[in-house]
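Below is one structure, written out as structure tokens, with a few remarks after it.
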Amino acid sequence: QVQLVESGGDLVQPGGSLRLSCVGSGFTLDSSAIGWFRQVPGKERERVSCISSSGGRTNYADSVKGRFTISRDNAKNTVYLQMNSLKPEDTAVYYCATVYLPLLGCSPRGSWGQGTQVTVSS
């Protein structure tokens with residue numbers, strides 16, 4: 001079974017930083033491109049960032065460019081999302097998922113974690 005588990009969410013002050021982790025089990029994570037998505041009640045799910053299986057290709061939503069960095073350590077079967085300069089509007093449940101990563105776009109392919117809550121508030 002393909003399983004993904006997110007961790008690292010917390011309550012943080014505006015301007016602070018968090019690093020989220022997405023750990024895969026039941027498969028070798030380096031075989032899959034991975035995306036980070038976020039969702040708040042009443043809003044559509046938003047793609048945050050995606051990374052290819054090798055780490056050689058990445059993309060970011062315009063709202064997080066320059067602040068967030070996606071990376072992976074395939075030896076640890078983990079994908080990270082480093083979030084800096086956090087804003088209240090970054091508050092959401094963050095999910096990771098296996099994705100298809102064409103040259104343009106990033107589409108979930110059906111395997112999701114349970115999510116981790118990020119709250120940015122003063």
Side-chain angles (χ1 to χ4, degrees):
Q1 290 184 311
V2 175
Q3 297 186 66
L4 299 170
V5 179
E6 304 94 337
S7 64
D10 206 350
L11 172 65
V12 65
Q13 298 293 307
S17 297
L18 288 172
R19 188 178 74 163
L20 306 184
S21 298
C22 172
V23 180
S25 64
F27 70 110
T28 302
L29 192 61
D30 64 9
S31 68
S32 297
I34 298 292
W36 283 99
F37 302 80
R38 65 188 182 187
Q39 190 163 30
V40 299
K43 295 185 66 178
E44 294 293 321
R45 183 182 63 202
E46 178 186 17
R47 176 176 57 81
V48 177
S49 183
C50 297
I51 189 167
S52 63
S53 59
S54 69
R57 290 175 55 211
T58 61
N59 59 47
Y60 299 89
D62 288 343
S63 59
V64 307
K65 285 180 180 176
R67 299 189 297 119
F68 291 11
T69 303
I70 192 169
S71 63
R72 64 192 305 157
D73 184 345
N74 287 337
K76 297 181 179 179
N77 227 31
T78 302
V79 173
Y80 303 99
L81 185 68
Q82 178 67 47
M83 306 186 295
N84 298 326
S85 302
L86 283 162
K87 304 174 180 179
E89 50 264 46
D90 295 318
T91 296
V93 178
Y94 284 70
Y95 301 89
C96 63
T98 55
V99 299
Y100 297 107
L101 188 61
L103 183 61
L104 298 176
C106 177
S107 303
R109 56 180 293 193
S111 295
W112 292 85
Q114 295 300 304
T116 186
Q117 176 71 49
V118 172
T119 302
V120 185
S121 177
S122 60

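Heavy-atom basis, side chains included; hydrogens, waters and symmetry copies ignored. The first residue in the sequence is number 1, and the count goes up from there.
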Distance (rounded to the nearest 0.5 Å) between [X] [atom1] and [Y] [atom2]:
| X | Y | atom1 | atom2 | result |
| --- | --- | --- | --- | --- |
| Y95 | W112 | OH | CH2 | 8.5 Å |
| I51 | C106 | CD1 | SG | 10.5 Å |
| S54 | R72 | OG | CZ | 7.5 Å |
| I70 | N59 | CD1 | CG | 8.0 Å |

Looking only at heavy atoms, what is the nearest atom pair of [X] and [Y], with distance?
| X | Y | answer |
| --- | --- | --- |
| R45 | P108 | NH2-CG, 3.9 Å |
| L101 | C50 | CD1-CB, 3.9 Å |
| Q13 | S121 | NE2-O, 3.2 Å |
| D62 | K65 | OD1-NZ, 3.0 Å |
| L18 | G8 | CD2-O, 3.8 Å |
| S122 | P14 | N-CD, 3.7 Å |

Could you check whether [Y] and [X], counting side-chain N and O atoms only, form a donor-acceptor pair closer than 3.5 Å?
| X | Y | answer |
| --- | --- | --- |
| T78 | D73 | no |
| Q117 | T91 | no |
| Y80 | R19 | no |

**OP:** Determine, step by step, whether N77 and S25 satisfy the side chain to side chain contact (heavy atoms under 4.5 Å, CB included) criterion, reporting the C-alpha distance in whole Å, the side-chain angles of both residues, the deciding distance to 0.1 Å, and the verdict.
**Re:** CA-CA 8 Å; N77 227 31; S25 64; 5.5 Å; no
Subject >> Audit row: S63, E46, side chain to side chain contact (heavy atoms under 4.5 Å, CB included) steps and yes/no >> reply: CA-CA 10 Å; S63 59; E46 178 186 17; 3.1 Å; yes
Subject >> Residue pair K76 / S21, side-chain heavy-atom distance below 4.5 Å >> reply: no
Original post:
Is any side-chain heavy atom of K87 less than 4.5 Å from a side-chain heavy atom of R67?
Top reply: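 Side chain of K87 against side chain of R67, heavy atoms only: contact under 4.5 Å found.
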Original post:
So, W36 versus F68, ring centres under 6.0 angstrom or not?
Top reply: no
**OP:** Give the intermediate values and the outcome of side chain to side chain contact (heavy atoms under 4.5 Å, CB included) for residues V12 and T119.
**Re:** CA-CA 6 Å; V12 65; T119 302; over 6 Å; no
**OP:** Go through the steps to decide whether M83 and L20 satisfy the test side chain to side chain contact (heavy atoms under 4.5 Å, CB included), and finish with yes or no.
**Re:** CA-CA 8 Å; M83 306 186 295; L20 306 184; 3.7 Å; yes
**OP:** Identify which one of V64, V93, V118, L81 satisfies the side chain to side chain contact (heavy atoms under 4.5 Å, CB included) criterion when paired with R38.
**Re:**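 When V64, V93, V118, L81 are each tested with R38, the side chain to side chain contact (heavy atoms under 4.5 Å, CB included) holds only for V64.
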Given 3.5 Å as the limit, does a donor-acceptor pair link the side chain of [X] with the main chain of [Y], or not?
| X | Y | value |
| --- | --- | --- |
| R57 | P102 | yes |
| S53 | S32 | no |
| E6 | G115 | yes |
| T98 | I34 | no |

Subject >> Charged tip of R47 within 45° of F37 ring normal and under 6.0 Å >> reply: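 Geometry flag: not set, cation outside 6.0 Å or 45°.
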Original post:
According to a 4.5 Å side-chain heavy-atom criterion applied to Ile, Leu, Val, Met, Phe, Trp and Tyr, with indirect links allowed, do V99 and V48 form part of one hydrophobic cluster?
Top reply: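 They do not share one cluster, since no chain of ILVMFWY contacts under 4.5 Å joins V99 to V48.
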